[in-house]
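One structure follows; several queries about it will come next.
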Amino acid sequence: MRIKNILLIGLLIATLTGQEQYRSIQHAQEDWQDYTKFQKHELLSFSDFLFEEGFYERALLSLFQYLYRYPNDSLETVVYYYIAQSYEFSENPDLANLYYNRVQEMSDSTDMVFRAAEYRKMYLLLEAGEYDQILEKTELSEDPYYLTFRGYAFFHK
């Protein structure tokens, strides 16, 4: 009985002294901020892995989850670009086009993401057989990518 009481007292003391006490709200926020940064990077890594492995529907779920959890994040336009590509590779060009347009609305016309979205939209037009529309959009362009799309449109036409 005496050993039982000693163990109980030792367990009680260990419980009371073993827990970390937060000194302030700011201290708790700092501790949890590191944890949420880790979660954010893990979600991005997981989404990238799913995309690279060809699981586009699952990647879409993870990417939309990222947008929901971290609104107005600095990577938002890139995440929308990956969403558009996931729709494109899962053979849904209408939704892909919608999200490529959203990427362009959110970014500056000089950004790399804006141009990449424009090139992917051109590719979707090429795949859809909209050769006249490609020729019209690339008529006076000196951009090498546009010229390539223009050449393919001429070949197919």
Side-chain angles (χ1 to χ4, degrees), residues 15-153 156:
T15 304
L16 292 174
T17 60
Q19 293 181 356
E20 180 181 345
Q21 299 293 320
Y22 287 114
R23 295 178 295 282
S24 67
I25 293 174
Q26 183 180 4
H27 185 238
Q29 286 176 340
E30 287 172 1
D31 284 351
W32 281 99
Q33 186 175 9
D34 291 337
Y35 177 70
T36 56
K37 282 181 185 176
F38 175 76
Q39 283 184 320
K40 179 180 173 181
H41 293 297
E42 283 296 309
L43 186 56
L44 279 175
S45 295
F46 183 62
S47 300
D48 189 45
F49 167 76
L50 291 171
F51 183 83
E52 293 297 323
E53 293 297 316
F55 300 111
Y56 303 117
E57 289 82 12
R58 292 180 187 172
L60 282 167
L61 289 173
S62 295
L63 291 166
F64 279 119
Q65 187 179 32
Y66 180 87
L67 289 174
Y68 178 75
R69 285 187 181 178
Y70 308 103
N72 301 322
D73 189 59
S74 62
L75 295 175
E76 190 174 18
T77 54
V78 176
V79 171
Y80 275 121
Y81 183 81
Y82 270 107
I83 288 172
Q85 273 197 320
S86 295
Y87 277 126
E88 180 183 343
F89 295 153
S90 61
E91 297 177 5
N92 195 338
D94 294 333
L95 285 174
N97 223 350
L98 177 81
Y99 281 98
Y100 284 134
N101 285 336
R102 183 171 291 177
V103 166
Q104 288 182 320
E105 289 169 3
M106 295 174 65
S107 58
D108 200 7
S109 63
T110 59
D111 287 347
M112 182 188 302
V113 178
F114 183 93
R115 289 190 315 240
E118 185 63 32
Y119 298 147
R120 296 307 300 180
K121 284 172 47 178
M122 283 289 205
Y123 179 75
L124 288 173
L125 286 174
L126 187 66
E127 287 290 314
E130 300 290 337
Y131 308 124
D132 292 331
Q133 199 171 355
I134 292 173
L135 293 173
E136 186 179 306
K137 283 186 174 187
T138 61
E139 190 170 347
L140 297 175
S141 178
E142 294 182 13
D143 186 328
Y145 292 105
Y146 282 166
L147 294 175
T148 304
F149 284 120
R150 189 171 176 81
Y152 277 117
H156 286 289

(message) Can you confirm whether K121 sits close enough to N101 that some side-chain heavy atom of one is under 4.5 Å from a side-chain heavy atom of the other?
(response)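 Yes, side chains in contact.
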
(request) Output the distance between atom OG (S62) and atom CG (L67), rounded to the nearest 0.5 Å. (result)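 Result: 11.0 Å between the selected atoms.
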
(message) For R115 and M112: C-alpha separation, side-chain torsions, deciding distance, then whether side chain to side chain contact (heavy atoms under 4.5 Å, CB included) applies.
(response) CA-CA 5 Å; R115 289 190 315 240; M112 182 188 302; 4.3 Å; yes

(request) Please answer whether the main-chain N or O of L44 pairs with a side-chain N or O of D48 as donor and acceptor at a distance below 3.5 Å. (result)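 Pair absent, no side-chain N/O of D48 close to backbone of L44.
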
(message) Less than 4.5 Å apart, side chain to side chain, heavy atoms only: is that true for L98 and D94?
(response)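 They are not in contact (no side-chain heavy atoms under 4.5 Å apart), so the answer is no.
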
(message) Keeping D73 on the side-chain end and L75 on the backbone end, is there a donor-acceptor pair under 3.5 Å?
(response)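 Yes, because the side chain of D73 sits within donor-acceptor range (under 3.5 Å) of the backbone of L75.
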
(request) Search all heavy atoms of Q65 against all heavy atoms of L43 and return the closest pair with its distance. (result)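 For Q65 versus L43, the nearest heavy atoms are OE1-CD1, 3.6 Å.
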
(request) Rounded to the nearest 0.5 Å, what's the gap from CG on L63 to CZ on R58? Could you check? (result)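 Result: 14.0 Å between the selected atoms.
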
(request) Determine, step by step, whether M122 and T138 satisfy the side chain to side chain contact (heavy atoms under 4.5 Å, CB included) criterion, reporting the C-alpha distance in whole Å, the side-chain angles of both residues, the deciding distance to 0.1 Å, and the verdict. (result) CA-CA 10 Å; M122 283 289 205; T138 61; 3.4 Å; yes

(message) With no hydrogens and no angle check, just 3.5 Å: does a side-chain donor-acceptor pair link Q104 and Y100?
(response)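 Distance-only check fails for Q104 and Y100.
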
(request) Kindly write out the residues that satisfy ring pair (Phe, Tyr, Trp, His ring centres under 6.0 Å) with F89, not counting sequence neighbours, or none if the list is empty. (result)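 Applying ring pair (Phe, Tyr, Trp, His ring centres under 6.0 Å) to F89 gives F51, Y56.
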
(request) Please report the shortest heavy-atom distance between A84 and A96, naming the atom on each side. (result)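 So the minimum-distance heavy-atom pair works out to O-CB, 3.4 Å.
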
(request) Heavy atoms only: give me the nearest S86-A59 pair and the separation to one decimal. (result)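 Closest heavy-atom pair between S86 and A59: OG-CB, 4.3 Å.
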
(message) For Y146, is the OH atom crowded, meaning more than 12 foreign heavy atoms sit under 6.0 Å from it?
(response)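 Yes, OH of Y146 has more than 12 neighbouring heavy atoms, counting only those of other groups under 6.0 Å.
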
(message) I'd like to know whether OH of Y123 has more than 12 heavy-atom contacts from other residues, nucleotides or ligands below 6.0 angstrom.
(response)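 No.
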
(message) Are the side chains of Y82 and L60 in contact, using a 4.5 Å heavy-atom criterion?
(response)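 The answer is no, as the side chains (C-beta and beyond) never meet within the 4.5 Å cut-off.
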
(request) Hey, could you give me the CZ/CD1 distance between R102 and I83, rounded to the nearest 0.5 Å? (result)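 Going from CZ on R102 over to CD1 on I83, the span is 8.0 Å.
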
(request) To the nearest 0.5 angstrom, please state how far the CD atom of E42 sits from the OG atom of S47. (result)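 Here the interatomic distance stands at 10.5 Å.
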
(request) Would you check if H156 and L126 make a side-chain contact, meaning some heavy-atom pair closer than 4.5 Å? (result)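 H156 vs L126: side chains touch.
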
(message) Counting C-beta onward and ignoring hydrogens, is there a side-chain heavy-atom pair between Y66 and K40 closer than 4.5 Å?
(response)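 They are in contact (side-chain heavy atoms under 4.5 Å apart), so the answer is yes.
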
(message) Could you walk me through whether Y70 and Q39 satisfy the side chain to side chain contact (heavy atoms under 4.5 Å, CB included) test, starting with their C-alpha distance in whole Å, then the side-chain angles of each, then the deciding distance to 0.1 Å, before giving a yes or no?
(response) CA-CA 11 Å; Y70 308 103; Q39 283 184 320; 3.9 Å; yes

(request) Would you check if E118 and Y145 make a side-chain contact, meaning some heavy-atom pair closer than 4.5 Å? (result)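 Side-chain contact under 4.5 Å: no.
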
(request) Can you see which heavy atom on S107 is nearest to which on V103, and at what distance? (result)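 Between these two residues, the closest heavy atoms are OG-O, 2.8 Å.
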
(message) Could you check whether any side-chain heavy atom of E139 comes within less than 4.5 Å of a side-chain heavy atom of R150, counting everything from C-beta outward?
(response)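 They are in contact (side-chain heavy atoms under 4.5 Å apart), so the answer is yes.
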
(request) Compare every heavy atom of L95 with every heavy atom of N92, then report the nearest pair and how far apart it is. (result)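 For N92 versus L95, the nearest heavy atoms are ND2-CD1, 3.2 Å.
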
(message) Assess the residue pair Y119 and D143 against the criterion (side chain to side chain contact (heavy atoms under 4.5 Å, CB included)); give the C-alpha distance rounded to whole Å, side-chain angles, the decisive distance to 0.1 Å, and a yes or no.
(response) CA-CA 11 Å; Y119 298 147; D143 186 328; 2.5 Å; yes

(message) Do F114 and T110 make a side-chain contact, defined as non-hydrogen atoms from C-beta onward lying under 4.5 Å apart?
(response)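 Counting from C-beta outward, F114 and T110 never come under 4.5 Å.
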
(request) Can you see which heavy atom on A117 is nearest to which on Y81, and at what distance? (result)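 Closest pair (atom of A117, atom of Y81, distance): N-CE1, 3.8 Å.
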
